[in-house]
Amino acid sequence: MRRTLPKAFYSKKNPVCVAKQLLGKVLWVRGKRGFCRARIVETEAYGGRLDRASHAWRGRTRRNESMFGAPGTAYVYLCYGVHRMFNVVTGPTGWPAAVLIRGVEPMEGAERMARRRGVPADDFRLSAGPGVLTEAMGIESDADRCDLVSGSIRIEDDGVRYPRTKIQAGRRVGVSYAGPAAFFPWRFSVRGNPWVSRARA
DNA sequence: GCAATGATTTACT
DNA sequence: GTAAATCATTGCC
């Protein structure tokens, strides 16, 4: 069983729900240089007017424009001038919310991913971390605003479900500047999975 | 216009 | 543990 997630999956107003439900789903990229699939094992929710950690907290800008776009599209931005971050836009059009994909477990095309990254295919450094998984899967800045329902990057459900006890919630990484929002338990990961990022506290 | 900084990673000491 | 890479955005003059 394999089905591309429909627009309705992404249109829920609360990004936290989508972040939890994305665990176990399969991210799929058909790039100029090949095809790869990987299971999502770590996510973070961002958005709404109260989330000071969100890029949209201060309102709409050229960078975060795509966060206000249609549900089920991509928000890709450059972080620290070095790494690309891949987010899934959620909520109704005009409502700024997104889910950052922070860790994926390779399923298909791992050798190609390994070549891009310069690490062994069975090494977690391949795709455990938001900045490295985009490099591994060949997600570039031109993927910003890409439609995840019909475009060359998609997310599908292959029936895999993690039991509730395997899902871990915790603080988001790298948002200590965000005041109370820094403590929101909006980071979700699969307990014990080696492809979850080694995040600092 | 200029300076500081960040939803990170890696290689150092 | 600390620092560098590297640039768009932001805030302040």
Side-chain angles (χ1 to χ4, degrees), chain A residues 10 14-20 22-23 27 38 40-69 73-91 95-106 113-121 123-146 148 153 155 168-190 194-201:
Chain A
Y10 303 100
N14 187 350
V16 174
C17 297
V18 181
K20 277 189 237 180
L22 275 173
L23 293 179
L27 177 62
I40 297 168
V41 296
E42 182 183 358
T43 61
E44 269 177 7
Y46 286 90
R49 308 278 178 211
L50 298 175
D51 183 9
R52 202 164 133 196
S54 166
H55 287 164
W57 187 62
R58 291 169 193 282
R60 202 186 277 237
T61 65
R62 186 139 115 252
R63 177 179 65 167
N64 68 28
E65 177 67 26
S66 30
M67 254 183 111
F68 292 79
T73 58
Y75 169 37
V76 179
Y77 70 92
L78 185 63
C79 185
Y80 289 91
V82 183
H83 305 286
R84 277 163 247 278
M85 301 284 162
F86 174 75
N87 296 252
V88 172
V89 175
T90 69
W95 175 255
V99 175
L100 172 68
I101 308 301
R102 293 190 53 92
V104 299
E105 174 179 344
M113 293 164 69
R115 243 173 286 129
R116 288 199 191 97
R117 288 280 300 127
V119 304
D123 190 314
F124 67 80
R125 287 173 297 176
L126 186 62
S127 60
V132 293
L133 74 86
T134 53
E135 182 180 26
M137 300 194 77
I139 298 174
E140 314 274 354
S141 295
D142 62 8
D144 191 39
R145 314 193 71 150
C146 168
L148 303 175
I153 301 178
I155 303 178
Q168 184 159 323
R171 285 186 206 169
R172 293 173 295 178
V173 179
V175 297
S176 53
Y177 58 86
F183 299 93
F184 294 174
W186 285 7
R187 173 181 179 224
F188 302 97
S189 57
V190 178
W195 305 93
V196 171
S197 72
R198 275 72 186 153
R200 321 173 309 179

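Chain naming here is simple, since letters A, B, ... match the order of the sequence lines and numbering starts at 1 in each.
If you check B:dT10, C:dT9, C:dG11 against the side chain of A:Val132, the one that comes closest is B:dT10. Closest to the side chain of A:Cys79, out of B:dT10, B:dA7, C:dT9, is B:dA7. In this structure, of C:dT9, B:dA7, C:dC7, it is C:dC7 that holds the atom nearest to the side chain of A:Leu78.
The distance from atom CH2 of A:Trp186 to atom CG of A:Asp51, rounded to the nearest 0.5 Å, is 4.5 Å. Here A:Ile101 contributes atom CD1 and A:Met85 contributes atom CE; the two are 12.5 Å apart, rounded to the nearest 0.5 Å. Between A:Leu22 atom CG and A:Phe188 atom CZ the span is 11.0 Å, to the nearest 0.5 Å. Rounding to the nearest 0.5 Å places CD1 of A:Ile40 at 4.5 Å from CD1 of A:Ile155.
Among the atoms of the strands shown, only primed sugar atoms or phosphate atoms (P, OP1, OP2) are found under 4.0 Å from some heavy atom of A:Arg117. If you check every strand for non-hydrogen atoms under 4.0 Å, A:Val82 touches a base. The residue A:Gly81 sits close to a base: some heavy atom pair falls under 4.0 Å.
Between the CZ atom of A:Arg63 and the P atom of B:dT5 there is a distance of 15 Å, given to the nearest Å. The OH atom of A:Tyr80 sits 4 Å away from the C1' atom of B:dG6 (whole-angstrom rounding). Rounded to whole Å, atom P of B:dT8 lies 14 Å from atom CD1 of A:Ile101. In this structure, A:Glu65 atom CD and C:dT9 atom C1' are separated by 15 Å, rounded to whole Å. Note: CZ (A:Phe124) to C1' (B:dT10) measures 13 Å, nearest angstrom. Look at CG on A:Leu126: it is 16 Å from C1' on B:dT10, rounded to the nearest Å. Here the C1' atom of nucleotide C:dT10 and the OH atom of A:Tyr177 are 13 Å apart, to the nearest Å. The nearest whole Å value for the distance from the CH2 atom in A:Trp57 to the P atom in C:dT10 is 13 Å.
Phosphate contact (OP1/OP2 of C:dT10, side-chain N/O of A:Thr61, threshold under 4.0 Å): present. Considering only side-chain N and O atoms, A:His55 lies under 4.0 angstrom from the phosphate OP1 or OP2 of B:dA7. OP1 or OP2 of B:dT10 has not a single side-chain nitrogen or oxygen of A:Arg125 nearer than 4.0 Å.
In this structure a side-chain-to-backbone donor-acceptor pair under 3.5 Å is missing from A:Tyr75 to A:Phe68.
Comparing the same atom, P, in B:dA4 and in C:dA3 gives a spacing of 16 Å after rounding to whole Å.
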How does DNA chain B look in dot-bracket form if you count Watson-Crick and G-U pairs under 3.5 Å, write [ ] for pairs that cross, and put | where a base pairs with another strand? ||||||.|||||.

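Between A:Glu44 and A:Arg172 there is no salt bridge, since none of the side-chain N atoms of the basic residue sits less than 4.0 Å from a carboxylate O of the acidic one. Salt bridge status for A:Arg116 with A:Glu135: absent, with no side-chain N to carboxylate O gap under 4.0 Å.
In this structure, A:Arg125 places its CZ atom where only 12 or fewer heavy-atom neighbours from other residues, nucleotides or ligands lie under 6.0 Å away.
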